[in-house]
Undergrad: 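I have a structure here, written as structure tokens, and I will follow up with some questions on it.
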2 protein chains.
Amino acid sequence: MKRLPCVMLALVSSSLTATVLADPLPSWNEGDNKSAIMDFVEATTDPASDDFVPQQQRIAVFDNDGTLWSEQPMYFQLSYALQRASEADEEALDTPVKKAAAEGDLKTVMEAGNEGLLEVVSISHSGISVDDFQDDVRDWLASATHPNTDRFYTDMVFQPMLELLSYLRDEGYQTYIVSGGGVDFMRAFASEAYGVPPENIIGSIGDTEVVDNDGELELIKQPGVTFIDDGNGKPLAIQRHIGQRPTIAVGNSDGDVPMLRYTTEADGPRLGVLLHHTDGEREYAYDSDSSFGRLDQGLEQAATDDWTVIDMAQDWRTVYQEAP
Amino acid sequence: MKRLPCVMLALVSSSLTATVLADPLPSWNEGDNKSAIMDFVEATTDPASDDFVPQQQRIAVFDNDGTLWSEQPMYFQLSYALQRASEADEEALDTPVKKAAAEGDLKTVMEAGNEGLLEVVSISHSGISVDDFQDDVRDWLASATHPNTDRFYTDMVFQPMLELLSYLRDEGYQTYIVSGGGVDFMRAFASEAYGVPPENIIGSIGDTEVVDNDGELELIKQPGVTFIDDGNGKPLAIQRHIGQRPTIAVGNSDGDVPMLRYTTEADGPRLGVLLHHTDGEREYAYDSDSSFGRLDQGLEQAATDDWTVIDMAQDWRTVYQEAP
């Protein structure tokens with residue numbers, strides 16, 4: 001920054017001001033929920049407010065699947081894993097769950113829970129370096145399309161959430177992703193899709209080994225799971241990685257409830273936001289009966305902890321960006 | 001930033017320029033090592049240079065014990081743990097290593113290795129919330145003094161390293177601590193001591209449980225170790241937490257060798273810095289025979305990978321800040 005002449009700084013300054021004067025959330029319909037979010041952000045960033053939060057403590061954490069992009073008819077990472085499983089050699093299918101995945105038997109995979117999902121993901125990880133794995137994910141994202149919308153998966157990020165992320169960063173918040181998805185998978189696309197740098201992306205972790213490859217250290221992904229960043233794993237991951245309680249937490253499923261509780265049950269101003277998928281026409285309508293992103297306990301907890309519950313059909317003017 | 005009027009931005013701009021025109025490393029003696037560091041930083045931050053590194057990729061990782069502050073006659077975290085062990089109730093001393101620690105029998109503790117050290121640390125963790133633990137660490141740091149120097153432990157940070165951290169941040173580098181020490185222990189003091197925010201502090205992790213305490217989620221520290229951030233653990237922790245290879249790595253012991261190799265054996269401009277404790281008069285002189293911060297293999301690897309080896313006695317004009 002120090003090399004910018006003052007005139008350029010002035011331009012930056014005025015363009016930022018313009019951004020702030022315009023509605024930062026144009027894809028959100030006016031109403032109590034949009035007001036609750038903007039009132040909270042204004043109060044926590046106004047030095048004259050009793051609810052002012054110093055910039056270093058302005059932490060906003062977001063779930064990914066079902067919160068920043070869609071998660072139906074299955075987690076997009078699972079779609080990737082199933083496609084690679086169907087292309088895998090026989091000897092790579094060394095468990096019943098992996099065999100089921102290769103045959104497209106989603107039911108068996110689902111019955112194995114989160115561990116099962118990450119086991120299937122491991123087919124496309126095993127014996128591959130982190131860098132090569134991420135290249136493969138990028139290849140898939142550049143060609144695969146969603147079965148219902150025919151969009152690229154990265155064109156199924158939620159426009160209102162992109163606006164919320166930008167708005168929070170403009171107001172001095174650090175934005176983090178805290179997702180049950182694999183951290184290496186997310187880092188292949190999330191920085192470009194959401195403007196969140198790799199070090200602010202937290203997720204589940206597959207076993208990884210440090211290998212000396214002809215005098216060069218490489219990280220090689222292994223089968224097996226080191227850490228699942230879901231449920232109570234989310235507050236643990238936030239403590240390990242960020243080291244302070246968030247000010248704002250945004251999620252959409254019961255797996256996000258501990259993250260939202262950990263955020264909003266602390267002292268000081270806190271905001272919990274729960275996205276309710278109510279829009280069967282523009283996206284999907286689901287909650288307590290869904291295999292992916294099940295939301296049941298979270299709706300009760302929202303009342304107890306006074307979370308802002310977003311009704312997608314009501315509160316969002318737009319769901320997806322215009323397809324390119 | 002956007003609320004700053006242009007005149008204030010101009011002041012910031014010119015004061016930063018002044019900082020840069022002055023020697024950013026006044027506590028470093030002139031010589032090949034100081035030049036190697038400054039030449040590298042200038043090349044990686046000059047857009048006209050072939051070795052230019054975009055700001056988002058400017059990552060500098062530092063070990064803590066023996067790199068940013070002293071680690072003799074024992075790790076400072078161990079001094080804290082031993083004092084709390086000597087004050088602990090009998091039932092808390094439920095392993096031979098813990099009993100030895102309570103009796104000040106350092107030899108037995110050391111023979112148990114890193115796991116033993118973290119086991120002793122767990123005495124002062126068990127059944128305490130992360131917040132309460134960090135309050136206790138701060139109480140100790142505010143009163144305990146070093147057996148040889150009589151300084152507070154936080155007055156034994158290395159002035160030349162404080163200057164290097166500030167210089168790198170002024171040049172657009174993100175500075176991280178990647179230490180074998182416990183992350184909750186370090187976060188109790190390191191942000192204030194080094195200007196590194198909590199989310200940039202990576203360390204060893206003790207088992208932690210999410211507990212519902214009368215309708216409020218709390219993180220309660222448990223005995224047992226989740227992860228030891230030493231040796232090959234350091235590249236793994238860097239990948240999990242930061243998600244990209246560092247540009248600069250600074251360490252002082254064999255436990256830092258994988259972190260320096262992971263950094264410098266990648267493509268592109270990379271700098272490895274190894275601090276050799278050669279100053280028995282102002283600090284301590286030790287390497288291959290030391291129980292703490294053993295440096296043996298690292299000196300050979302430094303030649304292979306062309307790391308800059310700092311000779312503390314030769315290269316540092318000052319070791320510690322003037323005591324307040």
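Quick note on labels: first sequence line is chain A, next is B, and so on, each numbered from 1.
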Undergrad: Would you say S191(A)'s side chain and V196(A)'s backbone share a donor-acceptor pair under 3.5 angstrom?
TA: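 Present.
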Undergrad: Out of I202(A), T304(A), I205(A), which one racks up the most heavy-atom pairs below 4.5 Å with chain B?
TA: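 Most heavy-atom pairs under 4.5 Å with chain B: I205(A).
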Undergrad: Is it true that, when you exclude D267(A) itself, more than 12 heavy atoms of the residues, nucleotides or ligands shown sit nearer than 6.0 Å to its CG?
TA: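 No, not enclosed.
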Undergrad: Which of parallel (below 30°), tilted (30 to 60°) and perpendicular (above 60°) describes Y194(A) and F189(A)?
TA: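 Perpendicular, since the angle between the ring planes exceeds 60°.
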Undergrad: Looking at P197(A), P258(A), G215(A), P235(A), which makes the most heavy-atom pairs under 4.5 Å with chain B?
TA: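 Max contact count across the listed options: G215(A).
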Undergrad: Could you give all pairs that pass the salt bridge (Lys or Arg N to Asp or Glu O under 4.0 Å) test and reach residues 205-215 of chain B, with sequence neighbours left out?
TA: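 Residue pairs passing salt bridge (Lys or Arg N to Asp or Glu O under 4.0 Å), neighbours aside: R261(A)-D212(B).
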Undergrad: Side chain, backbone, both or neither: which part of T264(A) has an atom under 4.5 Å from a heavy atom of chain B?
TA: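 Contact with chain B involves no heavy atom of T264(A) at all.
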Undergrad: Sort by residue number and list every member of residues 238-245 of chain A having a non-hydrogen atom under 4.5 Å from chain B.
TA: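 Checking residues 238-245 of chain A against chain B gives Q239(A), R240(A), H241(A), I242(A), G243(A), Q244(A), R245(A).
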Undergrad: Given the options Q174(B), E218(B), E199(B), which has more heavy-atom pairs under 4.5 Å with chain A than any of the others?
TA: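 Most heavy-atom pairs under 4.5 Å with chain A: E199(B).
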Undergrad: Answer yes or no: are there more than 12 heavy-atom neighbours, outside E216(A) itself, under 6.0 Å from its atom CD?
TA: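 Counting neighbours around CD of E216(A), more than 12 heavy atoms of other residues, nucleotides or ligands fall under 6.0 Å, so yes.
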Undergrad: How close do D63(B) and D65(B) get, counting heavy atoms only, and between which atoms?
TA: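 Here D63(B) and D65(B) meet closest at OD2-O, 2.8 Å.
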Undergrad: For the pair I59(B) and Y176(B), evaluate side-chain contact (heavy atoms from CB on, under 4.5 Å) and give the outcome as yes or no after the intermediate values.
TA: CA-CA 8 Å; I59(B) 306 285; Y176(B) 285 86; 3.9 Å; yes
Undergrad: Can you tell which of V183(A), L219(A), T208(A) has the highest number of heavy-atom pairs within less than 4.5 Å of chain B?
TA: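 Highest number of pairs under 4.5 Å: L219(A).
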Undergrad: Closer than 4.0 angstrom, basic N to acidic O: yes or no for K234(B) and D256(B)?
TA: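 A salt bridge is present here (some side-chain N lies under 4.0 Å from a carboxylate O).
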Undergrad: Where on D305(A) is there a heavy atom nearer than 4.5 Å to chain B: the side chain, the backbone, both, or neither?
TA: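 No part of it gets close to chain B.
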Undergrad: Which atoms of D184(B) come close to chain A, meaning under 4.5 Å heavy atom to heavy atom: side chain ones, backbone ones, both, or neither?
TA: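 The side chain, not the backbone.
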Undergrad: Starting at OH of Y173(B), measure out to OG of S166(B) and round the result to the nearest 0.5 Å.
TA: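 Nearest 0.5 Å value for the OH-OG distance: 15.5 Å.
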Undergrad: Sort out for me which of N200(B), I201(B), N232(B) touches chain A most, counting heavy-atom pairs under 4.5 Å.
TA: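 With the most close heavy-atom pairs to chain A, the winner is N232(B).
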Undergrad: Relative to chain A, which segment of T226(B) carries a heavy atom at a distance below 4.5 Å: side chain, backbone, both, or neither?
TA: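 Contact with chain A is through the side chain of T226(B) alone.
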Undergrad: Between Q301(B) and L260(B), does a side-chain contact (heavy atoms from CB on, under 4.5 Å) hold up when you go through it step by step?
TA: CA-CA 9 Å; Q301(B) 193 68 43; L260(B) 268 72; over 6 Å; no
